[in-house]
Novice: 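What follows is a single structure, and I will ask about it in a moment.
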Amino acid sequence: MVYFIGAGPGAVDLITVRGQELLKKADVVIYAGSLVNPELLKCTKPECKIYNSASMTLDEIIDVFVREYSPDKILVRLHTGDPSIYGAIKEQMKLLDKHKIPYNVVPGVSSFCGAAAVLNAEYTLPGVSQTVILSRMEGRTPVPPDEDIEKLASHKASMVLFLTTSMLEKLSEKLVKGGYKSDTPAAIVYKATWPEQKIVRTTIAELHKSAKENNITKTALILVGDFLSCEHELSKLYDASFTHEFRKAKEQ
Ligand code: SAH
């Protein structure tokens with residue numbers, strides 16, 4: 001079986017228990033070396049074969065699985081964060097299907113959750129935003145025109161941008177054109193949960209300048225929205241006057 005495992009955002013103890021148990025038993029691990037913390041591999045067996053996918057093509061990755069596969073072996077494909085977000089797992093699954101190699105996915109803590117944690121932030125504040133938009137600026141991978149940042153910005157929801165740190169001037173321009181005020185709070189989180197993590201709180205207008213001042217050019221998330229600093233309403237869930245499935249409202 002091939003296991004696509006989410007490694008989490010970086011800190012070694014933010015992989016799931018299931019993911020770590022499989023890593024311990026793995027016969028082969030192909031890890032995304034550009035973003036997965038190599039410390040995670042320390043728990044593997046001495047005889048485990050380890051490949052770094054950073055320098056491999058899709059065919060080379062699949063070749064390893066085809067060569068190594070047998071029903072009693074554990075083959076691991078270790079992806080950063082959660083594999084379902086910009087993980088390029090579907091193309092691997094398609095080829096594994098072709099070779100009739102079974103696979104399974106073990107989810108992970110995505111970096112957008114890691115970033116919120118280190119900021120003590122909540123994306124879904126009552127009266128501020130009840131929606132999180134995860135997206136990216138177009139790079140070499142095209143983004144469908146209907147998902148242009150300008151269009152997404154019109155919702156003024158809480159927003160997280162992956163793979164965008166090298167395009168911050170353009171990003172700010174699009175966010176403001178789309179509808180956010182230029183002084184809307186923003187944060188740049190570099191290597192969330194890694195020992196070398198950096199947190200920069202700024203505004204949409206100052207994104208580029210703030211990243212430059214802090215020498216951040218990659219491996220960062222850009223968070224945007226009023227959820228980062230503002231007054232908000234209290235939740236209904238813990239409101240004393242609110243009845244729900246598990247609790248009756250208290251007499252006021
Ligand atoms: N599957 C991953 C995302 C992979 S795309 C996840 O769920 O997090 C790679 C991009 O994710 C990077 O360019 C960066 O924008 C972001 N990223 C991944 N790990 C990060 C971390 N620890 N801190 C900040 N950004 C991170």
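Start at 1 and go down the list; that is how both ligands and their atoms are numbered. Model, not experiment: these values are computed from the prediction.
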Novice: Give me the residue, atom name and distance of the protein heavy atom closest to atom 20 (C) of ligand 1.
Specialist: Ser111 CB, 3.4 Å
Novice: Under 4.0 Å, heavy atoms only, figure out whether ligand 1 is touched by the backbone of Trp194, its side chain, both or neither.
Specialist: side chain
Novice: Checking side-chain polar atoms at under 3.5 Å, does Arg77 have a donor or acceptor matched by the opposite partner on Ser53?
Specialist: yes
Novice: Could you tell me the residue and atom name of the protein heavy atom closest to atom 3 (C) of ligand 1, and the distance to it rounded to 0.1 Å?
Specialist: Ile85 O, 3.5 Å
Novice: Does His79 reach ligand 1, in the sense of a heavy atom lying below 4.0 Å from it?
Specialist: no
Novice: What protein heavy atom sits nearest atom 21 (C) of ligand 1, and how far away is it?
Specialist: Ala192 N, 3.5 Å
Novice: Just to confirm my output: which protein heavy-atom neighbour is closest to atom 13 (O) of ligand 1, and how far is it?
Specialist: Leu163 CD2, 3.4 Å
Novice: Judged by non-hydrogen atoms, does Ala220 sit under 4.0 Å from ligand 1?
Specialist: yes
Novice: For the residue pair Lys156 and Tyr180, would you count it as a cation-pi contact if the rule is NZ or CZ under 6.0 angstrom from the ring centre and within 45 degrees of the ring axis?
Specialist: no
Novice: State whether the side chain of Gln197 and the backbone N or O of Thr193 hold a donor-acceptor pair below 3.5 Å, judged by distance alone.
Specialist: yes
Novice: Examine the side chains of Asp59 and Thr57 and answer whether a donor and an acceptor come within less than 3.5 Å of each other.
Specialist: no
Novice: Does atom NZ of Lys181 have more than 12 heavy-atom neighbours, drawn from other residues, nucleotides or ligands, at distances under 6.0 Å?
Specialist: no
Novice: Is there a polar contact, in the sense of an N or O pair closer than 3.5 Å, between Gly10 and ligand 1?
Specialist: no
Novice: Checking a contact table here: which protein heavy atom is nearest atom 22 (N) of ligand 1, and how many Å away?
Specialist: Pro9 O, 2.8 Å
Novice: Using a strict 4.0 Å cut-off to heavy atoms of Gly81, name the atoms of ligand 1 that fall inside it.
Specialist: 6 (C), 7 (O), 8 (O)
Novice: Do Tyr86 and ligand 1 have an N or O pair less than 3.5 Å apart?
Specialist: no
Novice: Just need the protein heavy atom nearest to atom 7 (O) of ligand 1, so name the residue and atom and give the distance.
Specialist: Ser110 OG, 2.8 Å
Novice: Go through ligand 1 atom by atom and flag the ones less than 4.0 Å from a non-hydrogen atom of Leu35.
Specialist: 9 (C)
Novice: For atom 25 (N) of ligand 1, what's the nearest protein heavy-atom neighbour? Residue, atom name and distance, please.
Specialist: Leu221 CG, 3.4 Å
Novice: Report, in ascending order of atom number, the atoms of ligand 1 lying under 4.0 Å from any heavy atom of Val189.
Specialist: 24 (C)
Novice: What is the closest protein heavy atom to atom 11 (O) of ligand 1, and at what distance does it sit?
Specialist: Phe162 CD2, 3.4 Å
Novice: Is the side chain of Lys45 donor-acceptor paired with the backbone N or O of Asp27 at a distance under 3.5 Å, no angle test?
Specialist: no
Novice: Using a strict cut-off of less than 4.0 Å between a Lys/Arg side-chain nitrogen and an Asp/Glu carboxylate oxygen, indicate whether Lys42 and Glu39 qualify as a salt bridge.
Specialist: yes
Novice: Is the Phe162 ring parallel, tilted or perpendicular to the Phe112 ring (thresholds 30°, 60°)?
Specialist: perpendicular
Novice: Considering only heavy atoms from C-beta outward, does the side chain of Ser129 approach that of Phe227 to under 4.5 Å?
Specialist: no
Novice: What do you reckon, does Asp82 put a non-hydrogen atom under 4.0 Å from ligand 1?
Specialist: yes
Novice: Give the single entry among Thr80, Thr165, Leu14, Val109 that approaches atom 2 (C) of ligand 1 most closely by any heavy atom.
Specialist: Thr80
Novice: Closer than 3.5 angstrom, by distance alone: can the side chain of Thr16 be matched with the main-chain N or O of Gly19 as a donor-acceptor pair?
Specialist: yes
Novice: Would you call Glu21-Arg18 a salt bridge at under 4.0 Å N-O?
Specialist: no
